[in-house]
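In listed order, ligands and their atoms are each counted from 1. Just so it is clear, the model here is predicted, and its values are computed rather than measured. All values below were derived from every heavy atom in this structure, side-chain atoms included, with hydrogens, water molecules and symmetry-related copies excluded.
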Amino acid sequence: MVEQIPVTAPEREPERQIFFIEKCKKWVQEEETKLQRDLTVSIQTMGCQMNARDSEKLLAIFEMMGYKPTEDAVADFVLYNTCTVRENANQKLYGRLGYLKRQKSQNSHMKIGICGCMMQEPTAVEKIRTSYPFVDLVFGTHNVYQLAEIFYHQLLNDVLYVDVWDKPGEVVEDHLPSVRKYPFKGSVNIAYGCDKFCTFCIVPHVRGRERSREPEEILKEVKDLVKSGAKEVMLLGQNVNSYGKTLKNPITFAKLLEMVEQVDGLERIRFMTPHPKDITDEMIDVMAKSKKICNQLHFPLQSGSDRLLKKMNRHYTKKQYMDWVDKIKEKIPDVALTTDIIVGFPGETEEDFLETMDVIRKARYASVYSFIYSKRTGTPAAKMPDQVPEDIIKDRFDRMLAEIHKISAEIHKAGVGKVEEVLFEEINAQDSTMITGRLTNNDLVHCKGDASLIGKILPVKLTESMGFYYIGELVK
Ligand code: SAH
Ligand code: SF4
Ligand code: F3S
């Protein structure tokens, strides 16, 4: 237990958080003295890059409080950063909590926290309260930077403490440091939230309205990353190409890309995710002439049927989408196009599905993230009639996967024999004489090499295509 929150706690951020970090640090030191060992923390991240980035920020706060990070599933503090985009993400959490309950019954000092998108849903929080009361703290996506303050509240009474905000607060820039997973690459949020409200999607409901960060703040973060050794940066947003519209001095995403391109020492720029509705000629032109923007575009289709695209609230037609694809391929000839597709959206007929297959054949994606439609309570699609039976979805999904794999294998085979630049990332987990890296189009390459190559960009000859990845040889 700790003492009541003193009135001297600063009101301003980040001073307020630094104050609570110090308080928690004292508690951690006392616990360590009691247990005669270090306290460990394990953050388990589900979902997308947004959550991965939040986890980096959370880990930094834990480290400032004195916790030592561990990759183990069990630690003195286990924090689940959850995703709720599809139902199976939720099931995964409940499965893990069952396991942790047993662990905690043997280690009563253990703390369990849950944060992230799923905690923005009141029904999920209610379920934690009633079925998993051994959880110690719950917070959401809008107050990640307040981890220490939330933790301190938990310590006051040592019972479940819940602090979930239904919408984002004033603080866009948290100004607390974060721990980067890799020294040679990092991601930078350019915008938070989403205003698109695709009818199947829960993200706008759990991540709030779209907010862009000031370009100066973004550039400062990119420069700091480069200073600490990063060669590659990933600009993150749910809709990167609607970036900047709501700023006091509005700017376009294309302009932001040009500004990031100017950062000396930066070699690769990636971004996730653009929306087909907001793509512009300016953006394609900037990509085409850039020396740093990677040769890859994730361009989520969702469906090839105009009827379904309308019901999904996607704001484009199959023809508009294909016209952009043609333009992109004309201006950026080697671009690796990737996409997201949902099979089994309510009311999907065989005809609708064949329209999607038609786009797959024409767009020739290097890879596709395909999803079976998952009903999300609170979204308009959940109430739509004609939910598609499971066996029909399964059959369509299998047919689609076969087509995707065939095209992807053809595309990857065409790469064999080429010499391409690879940014080396890590020693291969299965074979320690091999090192793994990525091409500018994001494909994985494995080749003979050692840890001294990590973080370097070097030419590699692609000798064999294994479907989704290559085997290569360093060009001496
Ligand atoms: N902002 C990004 C995607 C975020 S979610 C975009 O617009 O592309 C990532 C992907 O999950 C989506 O592109 C979609 O294909 C899939 N997805 C979202 N909600 C889903 C649902 N209810 N069922 C199945 N897949 C879903
Ligand atoms: Fe979801 Fe659509 Fe927003 Fe992407 S654009 S996050 S799919 S609502
Ligand atoms: Fe999941 Fe939240 Fe990302 S719902 S996909 S972790 S924004």
Side-chain angles (χ1 to χ4, degrees), residues 43-55 58 80-93 114-121 124 140-142 144 168 187 189-211 235-243 271-279 297-304 308-309 311-316 321 337-346 348 356 365 367-384 387-388 390 393 396-397 400 404:
I43 303 186
Q44 302 192 27
T45 311
M46 302 159 206
C48 70
Q49 302 277 345
M50 296 287 163
N51 266 13
R53 183 73 193 103
D54 284 345
S55 287
L58 289 162
Y80 288 120
N81 193 358
T82 60
C83 171
T84 187
V85 77
R86 287 170 289 275
E87 182 61 27
N88 54 6
N90 296 43
Q91 291 315 324
K92 209 162 145 182
L93 174 73
I114 314 178
C115 63
C117 296
M118 199 176 146
M119 295 303 106
Q120 291 297 137
E121 296 178 283
T141 57
H142 302 306
V144 160
S187 40
N189 295 108
I190 66 165
Y192 300 99
C194 176
D195 281 350
K196 289 284 188 286
F197 288 95
C198 302
T199 54
F200 51 81
C201 185
I202 194 84
V203 171
H205 306 267
V206 294
R207 285 269 169 187
R209 296 293 64 71
E210 188 178 290
R211 286 100 58 212
L235 306 176
L236 284 183
Q238 290 299 351
N239 282 293
V240 283
N241 50 344
S242 67
Y243 169 79
F271 52 83
M272 277 259 283
T273 308
H275 191 294
K277 171 186 175 272
D278 292 322
I279 194 153
L297 189 69
H298 189 62
F299 201 48
L301 169 70
Q302 313 301 357
S303 167
L308 288 195
L309 284 169
K311 281 176 75 181
M312 289 175 164
N313 197 29
R314 290 290 291 180
H315 295 284
Y316 51 86
Y321 182 93
L337 210 59
T338 59
T339 201
D340 290 350
I341 293 176
I342 295 178
V343 179
F345 183 82
E348 184 187 74
T356 303
Y365 298 108
S367 68
V368 178
Y369 299 87
S370 46
F371 305 106
I372 287 177
Y373 169 72
S374 172
K375 201 172 173 174
R376 306 319 285 135
T377 309
T379 64
K383 292 203 199 83
M384 287 182 188
Q387 302 277 332
V388 185
E390 242 175 74
I393 295 183
R396 288 180 191 158
F397 196 73
M400 189 173 90
I404 292 167

Are R211 and N189 close enough that a side-chain donor and a side-chain acceptor fall under 3.5 Å?
no
Which N/O atoms of ligand 1 sit under 3.5 Å from a protein N/O, and at what distances?
from     : atom 1 : to   : atom 2 : distance (Å)
ligand 1 : 1 (N)  : Q238 : O      : 2.9
ligand 1 : 1 (N)  : Q238 : OE1    : 2.9
ligand 1 : 11 (O) : R86  : NH1    : 3.0
ligand 1 : 13 (O) : Q302 : NE2    : 2.8
ligand 1 : 13 (O) : D340 : OD2    : 2.6
ligand 1 : 15 (O) : Q302 : OE1    : 2.7
ligand 1 : 22 (N) : F200 : O      : 3.0
ligand 1 : 22 (N) : S374 : O      : 2.8
ligand 1 : 23 (N) : S374 : N      : 2.9

Any donor-acceptor N or O pair under 3.5 Å, side chains N90, T84
yes
For Y321 and F299, I'd like to know if the aromatic rings sit close, meaning centre-to-centre distance below 6.0 Å.
yes
For a quick check under 3.5 Å, do T338 and H298 share a side-chain donor-acceptor pair by atom type?
yes
Does any non-hydrogen side-chain atom of N81 lie less than 4.5 Å from one of M119?
no
A student checking ligand 2 against R314 at a 4.0 Å heavy-atom cut-off should list atoms 2 (Fe), 7 (S)
Under 2.8 Å from atom 1 (Fe) of ligand 3, which protein N, O or S atoms do you find? Ignore water molecules.
C83 SG
Please report the interatomic distance CE(M312) to SG(C201), rounded to the nearest 0.5 Å.
11.0 Å
Any protein N, O or S atom under 2.8 Å from atom 1 (Fe) of ligand 2? Found C201 SG
How long is the straight-line distance from NZ of K277 back to OG of S242, given to the nearest 0.5 Å?
8.0 Å
Within a 6.0 Å radius of atom NZ on K92, are there more than 12 heavy atoms belonging to other residues, nucleotides or ligands?
no
Can you measure from CD1 (I342) to OH (Y373) and round to the nearest 0.5 angstrom?
8.5 Å
Below 6.0 angstrom between ring centroids: does that apply to H205 and F197?
yes
Take atom CD of E390 as the centre, draw a 6.0 Å sphere, and report whether it contains more than 12 heavy atoms from other residues, nucleotides or ligands.
no
So the atoms of ligand 2 within less than 4.0 Å of a heavy atom of H275 turn out to be 5 (S)
At a 4.0 Å threshold, what atoms of ligand 2 neighbour a non-hydrogen atom of N239?
5 (S)
Looking at R207 and D195, is any side-chain nitrogen of the basic one under 4.0 Å from a carboxylate oxygen of the acidic one?
no
Can you list the ligand 3 atoms lying under 4.0 Å from a non-hydrogen atom of Q238?
7 (S)
Only counting residues at least two apart or in another chain, list the ones meeting ring-ring contact (aromatic ring centres under 6.0 Å, His included) with F371.
none
What's the separation between atom CG in L236 and atom OH in Y192, rounded to the nearest 0.5 Å?
9.5 Å
Side chains of N313 and T199: any donor to acceptor distance under 3.5 Å?
no
